[in-house]
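What follows is a short report on a single structure.
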There are 2 protein chains.
Amino acid sequence: MLTVPEDGFAFCPVRDVLDRVGDKWSLLAILYLGSAEQLRFNELRKNIAGISQRMLTVTLRSLESDGLVARTVYAEVPPRVEYQLTDRGQGLLEAVLHLGQWAKEHAPAILQARQQALAPTKPRSVNDLG
Amino acid sequence: MLTVPEDGFAFCPVRDVLDRVGDKWSLLAILYLGSAEQLRFNELRKNIAGISQRMLTVTLRSLESDGLVARTVYAEVPPRVEYQLTDRGQGLLEAVLHLGQWAKEHAPAILQARQQALAPTKPRSVNDLG
DNA sequence: CAGAATCCTTATGGATACTG
DNA sequence: CAGTATCCATAAGGATTCTG
């Protein structure tokens, strides 16, 4: 059984990670960067289906500021900027893929449960016991 | 090196989990439920600092609909409703605590990197080469 | 006690236009 | 090419009131 810390989970590393990769695009960026040595801005943009230019910038900047992604600017014209996972980013990717293992195994059951919850025979009342 | 699937991560179990526990309260609810056999609505409400009644309801309902939390109503007056993790919820908790292990080890470095990014000596230009 | 309903604020992200 | 800067739509969540 898990024990509640004195701070009542106010300091919670898990929450921190989730806040970092729980947004709409960070995980995808990490996944794609994890599948190549390095990628240019527009390569990422093409890969990550549906992402806007703005959100790709915002996402990369915040990953960079956490030391998860390294940004390298080449003094060329037209400019070339390459992104790659840092070791720390690589570590996060692996930790997250581990979670993905659990997810992969249980996603079907969860999805099924969710579907059944959506189509109840009748609306639930306080009298439904189990 | 990670391989990009044909669907380009469109079907991504990790994303599904993150969408489930990446919101503001789900993780905390799971953590507290993981630290007790079962908890009543207002016990959870007291434990989870800052949560509103509405959000506790919403959070519990969606966890329940995914089969992660079981809700038991006792036909008493005043009503008593108890929540507990299902086996599936327990599994998710463990998977997430594993991620927490990584987080715990790297949170300090990440926070530090973030601080330094916030206080740069001068604003960055395209000429700053690493 | 354990909520449901309503209203309202804020946070997140998209669209578009412009630039070194 | 790789961004910035604005503006705008939607979604997430908070506050309040009411009820079986």
Side-chain angles (χ1 to χ4, degrees), chain A residues 15 18-29 32-33 38-65 69-84 117 120 122-130, chain B residues 15 18-29 32-33 38-65 69-84 117 120 122-130:
Chain A
R15 261 255 59 86
L18 290 183
D19 286 343
R20 165 107 306 302
V21 290
D23 68 329
K24 192 165 176 180
W25 300 112
S26 290
L27 173 72
L28 278 172
Y32 277 108
L33 288 172
Q38 74 287 314
L39 290 171
R40 301 179 60 165
F41 186 87
N42 277 337
E43 286 176 332
L44 273 168
R45 187 151 151 63
K46 258 170 239 150
N47 283 335
I48 305 178
I51 197 172
S52 67
Q53 194 174 44
R54 178 179 122 81
M55 286 315 295
L56 181 54
T57 303
V58 169
T59 301
L60 288 172
R61 287 289 181 278
S62 83
L63 290 174
E64 189 197 359
S65 82
V69 161
R71 175 178 183 268
T72 312
V73 180
Y74 295 90
E76 306 175 355
V77 39
R80 177 162 60 104
V81 179
E82 292 195 332
Y83 294 90
Q84 56 194 305
K122 55 176 187 175
R124 179 174 63 183
S125 92
V126 91
N127 298 317
D128 298 346
L129 306 181
Chain B
R15 262 253 62 85
L18 291 183
D19 286 345
R20 167 107 301 305
V21 288
D23 67 331
K24 191 165 178 181
W25 301 111
S26 291
L27 173 72
L28 277 173
Y32 277 108
L33 288 172
Q38 73 287 315
L39 291 170
R40 300 179 60 164
F41 186 87
N42 277 338
E43 287 176 332
L44 273 167
R45 187 150 151 61
K46 258 170 242 152
N47 284 333
I48 304 177
I51 197 171
S52 66
Q53 194 174 46
R54 179 179 121 80
M55 284 317 293
L56 181 56
T57 304
V58 169
T59 301
L60 288 171
R61 288 290 181 277
S62 83
L63 290 173
E64 189 196 359
S65 82
V69 162
R71 176 178 183 266
T72 312
V73 180
Y74 295 89
E76 307 173 354
V77 41
R80 178 164 59 104
V81 180
E82 292 194 334
Y83 294 89
Q84 55 194 307
K122 54 178 190 176
R124 179 174 65 182
S125 91
V126 89
N127 299 317
D128 299 345
L129 306 180

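Remember, it's a predicted structure, so these values are computed and weren't measured experimentally. Quick note on labels: first sequence line is chain A, next is B, and so on, each numbered from 1. Every heavy atom of this structure was used, including side-chain atoms; hydrogens, water molecules and symmetry mates were not.
- Atom CD in A/Glu82 sits about 12 Å away from atom C1' in D/dC1, given to the nearest Å.
- Counting only heavy atoms from C-beta on, B/Met55 has its side chain closest to D/dG13 among D/dC1, C/dG13, D/dG13.
- Across all non-hydrogen atoms, the minimal contact from A/Glu43 to A/Leu39 is OE1-CA, 3.3 Å.
- Taking 4.0 angstrom as the limit, B/Arg61 places a side-chain polar atom (N or O) nearer than this to OP1 or OP2 of C/dG3.
- With distances taken from any side-chain atom of B/Lys24 to the nucleotides D/dG13, D/dA2, C/dG3, the minimum falls on D/dG13.
- In this structure, the nucleotide among D/dG3, D/dC1, C/dG3 sitting nearest to the side chain of B/Gln53 is C/dG3.
- Contact between B/Leu56 and B/Phe41 at its shortest, heavy atoms only, is CD2-O, 3.4 Å.
- Residue A/Val81 places its side chain closer to D/dG3 than to any other of D/dC1, C/dA2, D/dG3.
- A/Leu39 places its CG atom 15 Å from the P atom of D/dC1, with the value rounded to the nearest Å.
- Here the C1' atom of nucleotide C/dG3 and the CG atom of B/Leu44 are 14 Å apart, to the nearest Å.
- Place B/Glu43 and B/Arg54 on DNA chain C by their nearest nucleotides, and B/Glu43 ends up nearer the 5' end.
- The heavy-atom pair separating B/Leu63 from B/Ala29 by the smallest distance is CD1-CB, 4.0 Å.
- When every heavy atom of B/Gln38 is checked against every heavy atom of B/Gln84, the shortest pair comes out as CB-CB, 3.9 Å.
- Candidate nucleotides D/dG3, D/dG14, C/dA2 were compared by shortest atom distance to the side chain of B/Ser52, and D/dG14 ranks first.
- If you check every strand for non-hydrogen atoms under 4.0 Å, A/Glu76 touches nothing.
- C/dG14 atom P lies 11 Å from atom CG of A/Leu56, rounded to whole Å.
- Nearest nucleotide to the side chain of B/Thr57, out of D/dG13, C/dA4, D/dC1: C/dA4.
- Rounding to whole angstrom units, CG of residue A/Asp19 and P of C/dA11 are separated by 14 Å.
- One interatomic measurement links the two molecules: CZ of A/Arg20 to P of C/dT12, which rounds to 11 Å at whole-angstrom precision.
- Distances shown here put every side-chain N or O of A/Tyr83 at or beyond 4.0 Å from the OP1 or OP2 atom of D/dC1.
- Spacing between atom CG of A/Leu60 and atom P of D/dC1 amounts to 17 Å, rounded to whole angstrom units.
- Taking only side-chain nitrogens and oxygens, A/Arg45 never comes nearer than 4.0 Å to OP1 or OP2 of D/dA2.
- Taking atom CD1 of B/Ile48 as the reference point, atom P of C/dA2 lies 13 Å away to the nearest angstrom.
- Summarising the geometry of B/Leu44 relative to B/Tyr32, their closest heavy-atom pair is CD2-CB, 4.0 Å, with the distance given to 0.1 Å.
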